[in-house]
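In this text the structure is predicted, and so the values were computed from the model without any measurement. Quick note: numbers below take in every heavy atom, side chains included, and nothing from hydrogens, waters or symmetry partners. In what follows, chains are A, B, ... by sequence order, proteins preceding strands, each numbered from 1.
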Amino acid sequence: QKEVEQNSGPLSVPEGAIASLNCTYSDRGSQSFFWYRQYSGKSPELIMFIYSNGDKEDGRFTAQLNKASQYVSLLIRDSQPSDSATYLCAVRGGGADGLTFGKGTHLIIQP
Amino acid sequence: NAGVTQTPKFRILKIGQSMTLQCTQDMNHNYMYWYRQDPGMGLKLIYYSVGAGITDKGEVPNGYNVSRSTTEDFPLRLELAAPSQTSVYFCASSYHGGGVLDTQYFGPGTRLTVL
């Protein structure tokens with residue numbers, strides 16, 4: 001059974017600092033990896049996806065993938081109070097089935 | 001485009017009652033999904049569909065049924081509701097399925113309580 005593990009937090013980071021969110025997955029056949037942000041009472045919103053080893057940058061966000069270690073991370077630079085949310089790591093295999101989600105990390109940006 | 005819409009937003013059911021959660025997307029996506037999210041947990045896949053007339057079970061299908069008669073609609077049916085089905089239900093859609101660049105777009109969710 002596919003599993004995705006995340007530290008549930010809360011992770012508290014001062015405003016302006018770098019927030020680092022981590023995720024490990026069990027299925028070596030996984031091909032694509034997603035980070036979703038979810039505000040309380042809202043639906044998940046895609047932040048980034050990555051499918052190749054290395055780093056991928058988009059504005060203040062950087063996703064990092066290491067398939068050998070089965071590890072995915074998300075860095076948020078210059079953290080803002082509006083970044084306070086739960087961040088869900090999701091993994092997808094090669095089939096047409098859905099995403100396997102971690103439980104999410106609750107991030108709190110302290111002003 | 002409205003994207004993915006879900007109705008109702010909230011619902012309270014009594015044990016043993018049945019209901020249908022509606023999901024519609026206007027992006028002409030082939031793939032549609034139903035997830036449930038329990039408090040403090042990630043999303044778990046209930047059912048998915050790769051096109052009209054084709055559905056398949058996900059990780060937690062027991063107690064649910066789906067149908068897909070059109071590209072746009074993917075209703076989720078709860079028969080004989082149980083307290084364990086208290087959850088937030090999200091519908092999602094994507095253009096591709098299984099491709100590395102596939103992105104799923106989520107609806108606003110239906111919050112269901114079974115008492």
**Report entry** Which atoms of A:Q38 approach chain B - backbone, side chain, both or neither, heavy atom under 4.5 Å
**Finding:** side chain

Requested in this report: Sorted by first residue and then second, give each salt bridge (Lys or Arg N to Asp or Glu O under 4.0 Å) pair with at least one member in residues 54-64 of chain B; sequence neighbours left out.
Outcome: B:K44-B:E59

Report task. Only one of B:D73, B:T7, B:T5 passes side-chain hydrogen bond (donor to acceptor under 3.5 Å, both in side chains) with B:T24; say which it is. Result -> B:D73

Query raised in the report: Are side-chain N/O atoms of B:S94 and B:Q104 paired as donor and acceptor at under 3.5 Å?
Result: no

**Report entry** side-chain hydrogen bond (donor to acceptor under 3.5 Å, both in side chains) assessment of B:S87 paired with B:D38
**Finding:** CA-CA 5 Å; B:S87 190; B:D38 298 333; 2.8 Å; yes

Report task. Identify which of A:G104, A:A90, A:P44, A:G102 forms the greatest number of heavy-atom pairs closer than 4.5 Å to chain B. Result -> A:P44

Query - Part of B:F90 lying under 4.5 Å from any heavy atom of chain A - result: side chain

